[in-house]
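Take a look at the structure below.
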Amino acid sequence: MAKPDHVVWHDVLSYLRGHHPDMCRQWFEEIDPVGIEGGVYLARVDQSVRQRYLHRQCTPQFTDALQAVTGRLVSIRFLGPDDAPPGVTHNGSREESASSTTHAAHRSTGYRPGALVISPDYTFENFIVGPENRLAHAAALSICANPARTYNPLFVHGGVGLGKTHLLQAVCLRLLARTPPPVIYYVSCEEFGTQFMDAVQAGQMSEFRHRFRDVDVLLIDDIHFLTKRERTQEEFFHTFNALFQSDKQIILSSDAAPNEIPDLEERLVSRFQSGLVVQMQPPCYDTRIQIVKQKAKIRGMEFGDEVAAYIAAKVTSNIRELEGAVVRVHMQHVADGLPIDLGLARTALETGPATVRPEVTIANIIDAVVSYYGVKLTDLQSKRRQKSIAHPRQVCMYLARQHTRFSLEEIGGYFGGRDHTTVMHAVKTIIKRRNADGDFGRVLEALEDRVRAPSPMTNGTPPTRPPTASAM
Ligand code: ADP
Ligand code: MG
């Protein structure tokens, strides 16, 4: 077996950062290239979860990178802690030895077929705790310390992208790190339904029951999908009872509280309510800032306060979107090769295809400027040149130029019948001042936020007017 070339490996990682930035994680640095065997690169990681994740989610990208870097038709195989060192074959072919060691790894981590792939990112360490999820987080932690001894079942519910799956997987990861690990089974509700139907058709109900009932911890994600089929509900009811009666832990996630899931049988509603039901809420501004920073960190970046605050103010809906914004900034950073600052973040989030927002109107701009500067619209549209009016007028022109599709002529015409060179000059003046004067930069930013989201300010920091107009 040939020794791997560390330069090649280094290039592979850079290639991935350039071509698949959304996939890259900080911990990829810890992957150890251990050998090359018959055109297969062997790379080792120290956790089975990472190995399974790389194998299931990242193989094509790594293969692509290896082929691009080496110019040869090579492939990759990820080895986990339980895999034999490369070159050591058991009786039989390489294939057999690889698959048998993988099965050994599955056994030792309580892996079962059909289980969802666990993301190595979804740890407790990577879970930011805020008032919105504190209870759910605490309940999940106490279950890890004492499965089936505290809250059973634990029923976590909340809207999309608020961290339910992350929390369930954090429990899996924490439990799998125990020695010996308990037998856990983590599946989606759909998987439960599919496996049940398959078992019915194949006449393999006893295997099915063994798979779901001979476990220490059963976690089912998105249980609200259970309502689709009656027989599945019936089977789940029995599964639940069997586990509960033998003191096994059950953890469920759902997009709604038990009594709000349509068509859920009453007896299931009451089972679900018999343990702890906790809701996860959308994250507040402070939590969002922390999440943004943390998402950047696991992707090997550091976002400053300004960038994090900008993203947190702009993306308010849920955490998945917040992460999407971090990925867009990362991609922009890779594409432009520029440092990650506010300007880059703006470009990333304001020009990308996902920025579906209502069009900014001149009325939005005027509202924002008039209420901030305390000037009148008639003044803005007049020929008056005194500074207290000329400056807000320039801000209007700048905002109109940046956020609407009106031409220079149209903008000039609207604000006091001026020609296009006046508008160009105004835009330049504002940009220059924004770059030179941090306070003004922040005022402008707040105005821009307000123009984009004309209803109440979303980030809780409405611009406050400076004490005197001369400060402008
Ligand atoms: P859900 O299952 O509720 O729809 P997910 O668990 O899939 O949501 O979360 C969506 C994304 O948001 C994931 O990338 C997850 O890591 C992230 N996320 C959610 N909550 C948190 C949190 N408290 N801290 C860090 N990341 C979070
Ligand atoms: Mg989910």
Side-chain angles (χ1 to χ4, degrees), residues 21-27 49-50 53 56-58 115-141 143-144 154-174 185-193 218-226 251-258 260-261 277-303 308 311-312 314-331 354:
D22 53 326
M23 185 193 78
C24 287
R25 294 292 184 278
Q26 181 72 45
W27 59 265
V49 171
R50 289 184 175 179
Y53 180 80
R56 296 272 290 267
Q57 309 282 339
C58 312
L116 290 172
V117 180
I118 295 174
S119 163
D121 291 345
Y122 289 178
T123 57
F124 276 112
E125 290 72 24
N126 287 344
F127 190 85
I128 304 291
V129 183
E132 314 80 16
N133 56 29
R134 194 177 304 285
L135 215 63
H137 174 260
L141 266 184
I143 283 175
C144 290
L154 172 63
F155 189 100
V156 197
H157 69 98
V160 65
L162 297 186
K164 303 181 295 294
T165 296
H166 187 142
L167 201 60
L168 260 56
Q169 296 200 8
V171 170
C172 294
L173 287 166
R174 182 62 63 91
Y185 197 24
Y186 166 57
V187 290
S188 64
C189 184
E190 276 144 319
E191 179 69 24
F192 178 85
L218 177 69
L219 304 100
I220 300 201
D221 214 348
D222 294 326
I223 195 73
H224 53 274
F225 287 126
L226 194 61
I251 306 182
L252 306 168
S253 85
S254 159
D255 71 353
E260 282 161 7
I261 302 176
V277 176
V278 272
Q279 185 172 10
M280 296 174 85
Q281 305 275 1
C284 66
Y285 180 58
D286 285 339
T287 310
R288 293 202 300 279
I289 291 188
Q290 288 186 58
I291 290 176
V292 166
K293 289 191 166 184
Q294 192 266 344
K295 291 292 174 201
K297 195 169 141 216
I298 62 173
R299 290 165 186 277
M301 298 175 291
E302 203 180 320
F303 282 9
I311 299 175
K314 198 165 158 73
V315 183
T316 55
S317 47
N318 70 48
I319 304 169
R320 195 167 298 148
E321 307 259 320
L322 211 53
E323 188 167 24
V326 172
V327 171
R328 296 235 307 265
V329 171
H330 189 189
M331 308 265 253

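Just so you know, ligand 1 is whichever comes first in the structure, and atom 1 is the first atom listed for that ligand. The structure presented is a predicted model; accordingly, all values stated were derived computationally and were not measured.
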**Report entry** Phe303: ring-ring contact (aromatic ring centres under 6.0 Å, His included) partners, not counting sequence neighbours
**Finding:** none
How close does the nearest protein non-hydrogen atom get to [atom], and which residue and atom is it?
{"atom": "atom 25 (C) of ligand 1", "value": "Asn126 O, 3.3 Å"}
{"atom": "atom 8 (O) of ligand 1", "value": "Gly163 N, 3.1 Å"}
{"atom": "atom 14 (O) of ligand 1", "value": "Glu323 OE1, 2.4 Å"}
{"atom": "atom 13 (C) of ligand 1", "value": "Tyr122 OH, 3.4 Å"}
{"atom": "atom 7 (O) of ligand 1", "value": "Arg320 NH2, 2.9 Å"}
{"atom": "atom 4 (O) of ligand 1", "value": "Gly161 N, 2.7 Å"}
{"atom": "atom 12 (O) of ligand 1", "value": "Ile319 CG2, 3.0 Å"}
{"atom": "atom 6 (O) of ligand 1", "value": "His166 N, 2.8 Å"}

Query raised in the report: By residue and atom, what protein N/O/S atoms are less than 2.8 Å from the Mg ion (ligand 2)?
Result: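 Correct list: Thr165 OG1.
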Taking only heavy atoms of [X], which atoms of ligand 1 are found under 4.0 Å from at least one of them?
{"X": "Lys295", "value": "14 (O), 15 (C), 16 (O), 17 (C), 26 (N)"}
{"X": "Val160", "value": "4 (O)"}
{"X": "Lys164", "value": "1 (P), 2 (O), 3 (O), 4 (O), 6 (O), 8 (O)"}

**Report entry** side-chain hydrogen bond (donor to acceptor under 3.5 Å, both in side chains) contacts touching residues 156-169 (sequence neighbours left out)
**Finding:** Thr165-Asp221, Gln169-Tyr186
Query raised in the report: Who gets closest to atom 23 (N) of ligand 1 by heavy atom: Leu167, Ile128, Ile298?
Result: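 Among Leu167, Ile128, Ile298, the closest heavy atom to atom 23 (N) of ligand 1 comes from Ile128.
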Requested in this report: Please collect all salt bridge (Lys or Arg N to Asp or Glu O under 4.0 Å) contacts where either partner lies in residues 120-130, sequence neighbours excluded, each pair once.
Outcome: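 Residue pairs with at least one partner in residues 120-130: Arg25-Asp121, Glu125-Arg174.
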Query raised in the report: Is any side-chain heavy atom of Phe155 less than 4.5 Å from a side-chain heavy atom of Ile223?
Result: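 Answer yes - side chains close enough.
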Query - ligand 1 to Gln294 polar contact by distance, N or O atoms, under 3.5 Å - result: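 Between Gln294 and ligand 1 (N or O atoms, distance only) the closest approach is not under 3.5 Å.
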Query raised in the report: Below 4.0 angstrom, N of the basic side chain to O of the carboxylate: do Glu323 and Arg299 qualify?
Result: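 Looking at Glu323 and Arg299, the cut-off is met.
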